Amino acid sequence: MKIGYIVVLALVACHPRIYRFEVSAKALGLHDPYSVKWRTKGSTYLTIYDTSMPYTAAPAVPPVMLLVSRDGRSDTLSLRRADTLWLPEQGSLSIRNLPDGDSTPRFRYMRFVAHKCNKDSTREAQIAFFPGEAFGAVGFIANPRGDSLVAEGNNDDARRWGGLFRILAVANDTSGDGAGEAPRDLVVTHAGITTVLHPGGAPSFVFSGTPIGGWWSIRGAMTEAEKKDVRKVPNGLHVRIIVKHI
């Protein structure tokens, strides 16, 4: 029994472990810093590489120069394809893209590895880097109330946008093109402001400067088809948001 216990302890001791791997944000401006914090058991390294965003014009992202800061020291790193940072078992670092005139949006993938006894333990993280303005959506499940649809709730998008973006404009992009939402006027309330957004209309700037997170209410009149057949009610209502880096 004692021998078996010793064997189990030996096997456990030989396994790499990642006790902590945290990245401070999932969406940033092109030159915003972000932090990585970790605690592991085993040889530790972080591999970083960038890719283009789907549906963007650029077939590939140009190289970028990174400023990597740790323990009071800063070094530059040219990220052309993929690069690897060897790290201690515990610590934190700050990374940001140095300004170079390039404004190509990109996804950054980071593969974090702890290695020991020919075994790997891995975690991965993705960050989206946007130019000064970016697009997203806020939406909730739609519930019929009388002749109206009401979609409301608390939008907690902090993990995506962090605290570095604010609302620039909000638009109603329902178009009746088969995507599931019939075109309708939407009454939108957020941050103590209420406005009516018309389908396909110009974005409204009345919410400019308000936070992305917080309570949102989106209301719209039901169509005649939806009143007759509740199965035609859309699953949700949403608005398109344009956010601006602050």
Side-chain angles (χ1 to χ4, degrees), residues 22-35 50-58 61 96-97 102-110 124-143 149-220 234-246:
E22 297 177 3
V23 179
S24 60
K26 289 189 174 180
L28 293 168
L30 286 172
H31 304 122
D32 292 331
Y34 62 95
S35 64
D50 289 356
T51 67
S52 59
M53 288 185 174
Y55 314 115
T56 59
V61 292
R96 71 179 178 92
N97 303 333
D102 175 61
S103 60
T104 305
R106 62 186 65 211
F107 281 128
R108 174 161 300 158
Y109 294 92
M110 293 179 291
E124 292 189 354
Q126 173 192 285
I127 297 177
F129 285 94
F130 296 102
E133 295 177 8
F135 301 90
V138 171
F140 304 94
I141 295 173
N143 297 298
L149 293 176
V150 179
E152 55 189 12
N154 189 56
N155 180 50
D156 183 11
D157 234 356
R159 288 214 31 105
R160 179 180 181 191
W161 299 107
L164 298 172
F165 289 86
R166 292 290 185 271
I167 296 291
L168 175 64
V170 179
N172 176 352
D173 63 356
T174 57
S175 59
D177 59 0
E181 290 186 29
R184 72 187 90 220
D185 287 345
L186 295 176
V187 180
V188 181
T189 300
H190 172 60
I193 302 168
T194 298
T195 193
V196 178
L197 301 178
H198 304 294
S204 170
F205 289 86
V206 298
F207 298 105
S208 181
T210 63
I212 301 169
W215 184 263
W216 290 75
S217 175
I218 307 170
R219 297 168 177 259
N235 292 329
L237 296 177
H238 79 278
V239 291
R240 180 178 177 86
I241 60 173
I242 305 171
V243 300
K244 185 174 181 62
H245 180 249
I246 58 176

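Please read these numbers as outputs of a predicted model, since none were measured by experiment. Scope of the values below: all heavy atoms of this structure, side chains included, with no hydrogens, waters or symmetry mates.
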Quiz item: What closest approach, in Å, do Ala142 and Pro234 show between heavy atoms, and which atom pair accounts for it?
Solution: CB-O, 3.9 Å
With a 3.5 Å cut-off and sequence neighbours excluded, list the donor-acceptor pairs that the side chains of residues 185-196 form with protein atoms.
from, atom 1, to, atom 2, distance (Å)
Asp185, OD1, His198, ND1, 2.9
Thr189, OG1, Thr194, OG1, 2.8
His190, ND1, Trp215, O, 3.0
His190, ND1, Trp216, NE1, 3.3
His190, NE2, Pro211, O, 2.7

Quiz item: Partners of Phe135 by side chain to side chain contact (heavy atoms under 4.5 Å, CB included), sequence neighbours excluded?
Solution: Arg240, Ile242
Practice problem: Give the minimum heavy-atom separation between Gly29 and Phe165, together with the two atoms involved. | Solution: N-CZ, 3.6 Å
Quiz prompt | Approximate separation, where rounding is to 0.5 Å, of Arg96 CZ and Tyr34 OH | solution = 12.5 Å
Quiz item: What pairs with Phe205 under ring pair (Phe, Tyr, Trp, His ring centres under 6.0 Å), at least two apart in sequence or on another chain?
Solution: none
Exercise. Apply ring pair (Phe, Tyr, Trp, His ring centres under 6.0 Å) to Phe130 and list each qualifying residue two or more places apart in sequence or on a separate chain.
Key: Trp161
Exercise. Return the set of residues passing salt bridge (charged side-chain N to carboxylate O under 4.0 Å, His left out) with Asp50 (not counting sequence neighbours), or none when no residue passes.
Key: Arg106, Arg108
Self-check item: Separation between CG of Leu149 and CD1 of Ile218, rounded to the nearest 0.5 Å
Solution: 11.5 Å
Quiz item: Between atom CD1 of Ile167 and atom CD1 of Ile241, what is the distance when rounded to the nearest 0.5 Å?
Solution: 4.0 Å
Quiz item: What pair of heavy atoms forms the shortest contact from Ser217 to Glu152, and how long is it?
Solution: OG-OE1, 3.1 Å
Quiz prompt | Under 3.5 Å donor-acceptor, Asn172 side chain and Gly201 backbone | solution = no
Quiz item: Within a strict 4.5 Å, meaning less than it, do heavy atoms of the Phe140 and Asn155 side chains meet?
Solution: yes
Quiz item: Is the shortest heavy-atom distance from the side chain of Thr51 to the side chain of Val61 under 4.5 Å?
Solution: no
Self-check item: Min side-chain heavy-atom separation His238-Asp173 under 4.5 Å
Solution: yes
Exercise. Determine which pairs satisfy side-chain hydrogen bond (donor to acceptor under 3.5 Å, both in side chains) with at least one residue from residues 201-214, sequence neighbours left out, and list them in order.
Key: none
Practice problem: State, to 0.1 Å, how close Pro203 and Ala169 come at their nearest heavy-atom pair, and which atoms those are. | Solution: CB-CB, 3.8 Å
